[in-house]
Protein chains: 2
Amino acid sequence: MSAADENLCLDNQVCFALYSAANAMVRAYRPLLDKLDLTYPQYLVMLVLWQEQGISVKTLGDRLHLDSGTLTPLLKRLEAKGLVSRGRSERDERVRVLQLTQAGGELKLAAGGVPEQMRCKVGGSTEELLALKALCEQALERLSPAQD
Amino acid sequence: MSAADENLCLDNQVCFALYSAANAMVRAYRPLLDKLDLTYPQYLVMLVLWQEQGISVKTLGDRLHLDSGTLTPLLKRLEAKGLVSRGRSERDERVRVLQLTQAGGELKLAAGGVPEQMRCKVGGSTEELLALKALCEQALERLSPAQD
DNA sequence: TAGAAGTATATTGCACACAACTTATATCGA
DNA sequence: TCGATATAAGTTGTGTGCAATATACTTCTA
């Protein structure tokens, strides 16, 4: 097999492993998040808002590496479920100010067990998980075009 | 911060790192694959077919960990581009037999440089890439429900 | 201070992923 | 052999991701 052939072999592709693992991860979250009536990206938004409220769509997008084309409809769905409010900044009329509703805040309790349950599903030692996280973050860093 | 709070912190989530890295990877492929007029999942299908032709949608799905709901419309698009033919098995009328067209086979040459270009984008040492691949494959294995 | 440039969000269109379901065909078992 | 069961692929509907573009507001600058 030539070098080019080797490179085009699926089994040799780091990116395919990454892609498949990420898909499998989202699938594994589903039964857990169904109980919260959240999708995985919606859950990520809630994770951010449980930490810091009053942020803009821009800031949220920076945290999650997602853009307004993804977040605007997603946030509208969270608003429709009564979990999030999408106010406007008084200082800058362009900016949305994202807040949790009462129900949105309370959902944090129900979500408390999710990380531990997922940890069980993913398995592996703490060292392996930390190594995977570090390698993913390194790849993300290098794959992201410089922001200016 | 409580243990539950720690667990619900975005920065501590392996899964989020995996998810973000996979998204970034697909984004990084885009400019390379645009030249071939392929999306990343379409490229994956072509990788499989460059290795083995005459396989079914089921077999293809096993290789890529994707189902017919994803693959059927994708394969129709590849067929519309003239890269793939979707015949029927004579032995079993339910089964599609996937073949490359002339153009589909020839595209392999144009794709020859893609893996090397992506490798430059992802960066990192060979050891790191192999470690990332192994950890992703391990996670995939554990997250996939047993097939019996 | 008016127009240019920049920024935040929203919209549109396309291509996934996948659950749930349907249809067509094949195989198994009494 | 006939009906039950299984299997392969397709369909439908929902929710992302993201490029490209539009809109509205802000800030910069001549």
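Side-chain atoms are counted along with the backbone in the values below, which use heavy atoms only and exclude waters and symmetry mates. Quantities reported herein were computed from a predicted structural model and do not represent experimental measurements. Sequence lines set the chain letters: A, B, ... in the order given, protein chains first and strands last, and positions in each chain run from 1.
You'll find that the side chain of A/R88 is closest to C/dT9, out of D/dG15, C/dT9, C/dA17. When each of D/dG17, D/dA8, C/dA15 is scored by its nearest atom to the side-chain atoms of B/Q42, the top-ranked nucleotide is C/dA15. Comparing D/dG15, C/dA10, C/dC18 by their nearest atom to the side chain of B/D67 picks out C/dC18. Side-chain proximity of A/E93 to the nucleotides C/dC18, D/dG15, D/dC25 is greatest for D/dC25. Considering only the side chain of B/R96, D/dG10 comes nearest among D/dT26, C/dA17, D/dG10. Here the side chain of B/V57 is nearest to one of C/dC18, D/dG10, D/dA19, namely D/dG10. Of all nucleotides listed (C/dT9, D/dA9, C/dC18), C/dC18 comes nearest to the side chain of A/R30. The side chain of B/R94 lies closest to D/dA6, out of D/dA6, C/dC16, D/dT26. Side chain of B/N23, nearest nucleotide from C/dT25, D/dG17, D/dC25: D/dG17. Listed nucleotides: D/dC18, D/dT11, C/dA17. Nearest to the side chain of B/T72: D/dT11.
The CG-P distance, from B/L66 to C/dA15, rounds to 17 Å in whole Å. Between A/L60 atom CG and C/dT7 atom C1' the separation is 17 Å, expressed in whole Å. In this structure, B/M25 atom CE and D/dG17 atom C1' are separated by 13 Å, rounded to whole Å. Between the C1' atom of C/dC18 and the CG atom of B/L143 lies a distance of 16 Å, rounded to the nearest Å. When the P atom of D/dA19 is taken as reference, atom OH of B/Y29 falls 17 Å away, rounded to whole Å. Following rounding to the nearest Å, B/E90 (CD) and C/dT25 (P) show an atom-to-atom distance of 15 Å. The CZ atom of B/R27 sits 10 Å away from the P atom of D/dG17 (whole-angstrom rounding). Taking atom NZ on A/K76 and atom C1' on D/dG17, their separation rounds to 17 Å, with Å as the unit.
Scanning both residues, A/T101 and A/G82, for their nearest heavy atoms gives OG1-O, 2.5 Å.
A donor atom on one side chain and an acceptor atom on the other are not found under 3.5 Å apart for A/T59 and A/R96.
One can find a donor-acceptor pair under 3.5 Å joining the base of C/dA10 and the side-chain atoms of A/S68.
For the pair B/R77 and A/K58, nearest-nucleotide mapping onto DNA chain C gives the more 5' position to A/K58. Where A/P73 and B/L71 meet DNA chain D, the nucleotide closest to each residue was compared, and B/L71 sits on the side nearer the 5' end. Residue whose closest nucleotide on DNA chain C sits further toward the 5' end, between A/G69 and A/D92: A/D92.
Without hydrogens or angle criteria, A/W50 side chain to B/C9 main chain gives no donor-acceptor distance under 3.5 Å.
Between A/Y40 and A/L32 there is no side-chain heavy-atom pair separated by less than 4.5 Å.
Atom CG of residue B/L78 and atom OG of residue B/S85 lie 11.5 Å apart, to the nearest 0.5 angstrom.
Using a 4.0 Å cut-off, some side-chain N or O of A/R86 falls inside it from OP1 or OP2 of C/dA10. One finds no side-chain N or O of A/Y19 lying less than 4.0 angstrom from the OP1 or OP2 phosphate oxygen of C/dC16. Considering only side-chain N and O atoms, B/T39 lies under 4.0 angstrom from the phosphate OP1 or OP2 of C/dC16.
Residue pairs meeting the side chain to side chain donor-acceptor pair (under 3.5 Å) criterion with at least one member in residues 27-38 of chain B, sequence neighbours excluded, are A/Q13-B/Y29.
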